[in-house]
Structures are given as C-alpha cells and as structure tokens.
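Below: the structure, in structure tokens.
Keep in mind that this is a model prediction, so the values were computed, not measured. Basis for what follows: all heavy atoms, side chains included, without hydrogens, waters or symmetry-related copies.
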Amino acid sequence: MQGAVQAFLLQGNTVKNAVLQRIQAKGKGADGSWLWCTTDDTVYNAVKSMTQHNVGALVVVNPGEQKSIAGIITERDYLRKIIVQGRSSKSTKVGDIMTEENKLITVTPETKVLRAMQLMTDNRIRHIPVIDEKGMVGMVSIGDVVRAVVIEHRVELDRLNAYIRGGY
C-alpha cells in the first residue's frame, strides 16, 4: 500500500494507481482469475459464490465466452429482483435479473478516482467494472474508492502540516 500512497497526487489519482493495488486478491479466485458466473447459472449459485468469496457483485459472461462481459449481478439485484418479488433463486437464471452490458457503467484504469466516485454516486451503484482494450481488469467497490480518497486526503494533510512546521 505504501507504493500507492507515494503515487497519490491530489488532482491526478487514477483508479489504476489508487485502487487496483488494494484489490489484487479481492474479486479473484484461488487461481488468480476474476470471479464470474454465466447468464445460465442460477441466482442461488451466484449468490452462494458471492458469499463464499466475500464480494458483493460478480461479472456475468455468456456461456463459453469468458472474454466478453454480458453484465453484472449484485446483492442489490438479488434483493430487489428475487426476494422482494417472491421469486425463487434456485429456478431463476442470472441472465434474467442481471444488469446487462448495454446498461453497465464501467471505468478504465486511467479513470480518475473522483470521477469513478461521481459515477457511482450519480448512478447509485456500489460496484463498477474496470475495463481496458483487452477486457476486464478488475472490479472496484464504493469502499475501495472512498478508501483511496481518504488516503489521498491524509497524504495531502500530512504534506500541509509538514509545510506549516517547516519540514518540507
């Protein structure tokens, strides 16, 4: 994390520099691949996977197409589209309740952290996929973004205190 702290610049903190280092293990399986499910999986199995891996969202892919994202399924999707509507998670397919790719909000590794925070706040979402020209790079949660902003402010505060004390 120290490397990320050193890279912080008040106006230039990117998702890549500020957040991805922190989530290297989160959102990945034991083999290092990103956690995902398919549109044909049951919602029950998707939620079970989220619970087992302590994550709040999974990337959804079409069966046999692990390179392209079909959408995202979140805990919120489960609550609003299964529990509240009285549907069965064991018989409902992920593809029936996920947020589809054409409605998906994403960022790139070069996206500024404050821009990612604004997108998440404006769209009332807690998870946002990080995509580059090759595909999925990671998944960022609102907690990751807030943590990066807090650290950035802490570093700036330390710099200002050092300046005031003459220790610059």
Side-chain angles (χ1 to χ4, degrees), residues 1 3-43 45-81 92-152:
M1 193 65 161
V5 171
Q6 297 302 320
F8 286 144
L9 299 172
L10 185 58
Q11 300 299 323
N13 194 7
T14 64
V15 169
K16 179 180 178 181
N17 291 337
V19 180
L20 292 181
Q21 289 109 342
R22 174 27 216 101
I23 58 168
Q24 289 291 324
K26 188 173 182 180
K28 288 190 174 186
D31 64 354
S33 63
W34 291 106
L35 297 175
W36 53 272
C37 62
T38 71
T39 54
D40 289 343
D41 288 336
T42 64
V43 172
N45 285 336
V47 171
K48 187 175 175 182
S49 179
M50 282 188 256
T51 302
Q52 289 172 339
H53 295 96
N54 196 31
V55 296
L58 292 176
V59 171
V60 181
V61 298
N62 289 314
E65 297 179 27
Q66 282 76 10
K67 295 286 183 185
S68 64
I69 297 175
I72 186 174
I73 183 170
T74 67
E75 295 165 323
R76 191 177 282 180
D77 291 326
Y78 174 69
L79 289 171
R80 292 181 177 179
K81 299 172 185 174
T92 304
K93 301 291 183 191
V94 168
D96 295 337
I97 70 161
M98 70 180 187
T99 300
E100 295 180 4
E101 186 269 335
N102 61 346
K103 296 178 183 173
L104 200 58
I105 296 166
T106 63
V107 294
T108 69
E110 288 72 36
T111 301
K112 303 289 186 220
V113 170
L114 291 178
R115 175 67 180 142
M117 180 181 270
Q118 180 182 9
L119 284 170
M120 296 171 94
T121 302
D122 291 349
N123 292 285
R124 301 181 63 100
I125 58 176
R126 298 180 198 165
H127 302 88
I128 192 164
V130 181
I131 310 286
D132 69 8
E133 64 280 348
K134 297 176 187 171
M136 175 90 171
V137 175
M139 178 86 76
V140 177
S141 73
I142 191 69
D144 298 324
V145 172
V146 168
R147 191 174 295 104
V149 170
V150 167
I151 291 170
E152 183 175 319

message: For a side chain to side chain contact (heavy atoms under 4.5 Å, CB included) check, start with the C-alpha distance between Asp40 and Val94, then their side-chain angles and the critical distance, and finish with the verdict.
response: CA-CA 6 Å; Asp40 289 343; Val94 168; over 6 Å; no
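- In this structure, OG1 on Thr111 lies 12.0 Å from CG on Leu114, to the nearest 0.5 angstrom.
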message: Walk me through whether Thr99 and Asp77 qualify under side chain to side chain contact (heavy atoms under 4.5 Å, CB included).
response: CA-CA 8 Å; Thr99 300; Asp77 291 326; 3.9 Å; yes
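- Of all heavy-atom pairs spanning Val60 and Thr38, the tightest one is CG1-C, 3.8 Å.
- Between the side chain of Asp122 and the backbone N or O of Leu119 there is no donor-acceptor pair closer than 3.5 Å.
- Counting heavy atoms from C-beta on, the side chains of Thr108 and Asp132 never come closer than 4.5 Å.
- Between Met136 and Ile69 the shortest heavy-atom distance is SD-CD1, 3.8 Å.
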message: Evaluate Lys93 against Thr39 for side chain to side chain contact (heavy atoms under 4.5 Å, CB included), listing each step before the verdict.
response: CA-CA 6 Å; Lys93 301 291 183 191; Thr39 54; over 6 Å; no
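- Without hydrogens or angle criteria, Thr121 side chain to Gln118 main chain gives no donor-acceptor distance under 3.5 Å.
- Taking CD of Gln52 as the start and CG of Leu35 as the end, the distance is 10.0 Å to the nearest 0.5 Å.
- Counting all heavy atoms, side chain and backbone alike, Val130 lies closest to Pro109 at CG1-N, 3.7 Å.
- In this structure, Met98 CE and Thr74 OG1 are separated by 12.5 Å, a value rounded to the nearest 0.5 Å.
- When the side chain to side chain donor-acceptor pair (under 3.5 Å) test is applied to Thr42, the partners found at least two apart in sequence or on another chain are Asn45.
- In this structure, Arg147 pairs ionically with Asp144, as a charged nitrogen and a carboxylate oxygen lie closer than 4.0 Å.
- Under a 3.5 Å cut-off, the side chain of Asn123 and the backbone N or O of Ile125 do not form any donor-acceptor pair.
- The minimum heavy-atom distance between Met139 and Leu58, with the atom names listed, is CE-C, 4.3 Å.
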- prompt: side chain to side chain contact (heavy atoms under 4.5 Å, CB included) between His127 and Val140: does it pass, once the steps are laid out?
  reply: CA-CA 6 Å; His127 302 88; Val140 177; over 6 Å; no
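- One N or O on the side chain of Thr51 and one on the backbone of Val47 form a donor-acceptor pair closer than 3.5 Å.
- In terms of heavy-atom proximity, Ile97 sits nearest to Val43 at CD1-CG2, 3.6 Å.
- In this structure Asp41 satisfies the salt bridge (Lys or Arg N to Asp or Glu O under 4.0 Å) test with no other residue, sequence neighbours excluded.
- Remark: Arg76 CZ is packed, more than 12 non-hydrogen atoms of other residues, nucleotides or ligands lying under 6.0 Å away.
- Heavy atoms only, all atoms of each residue included: Val107 and Ala116 are closest at CG1-CB, 4.3 Å.
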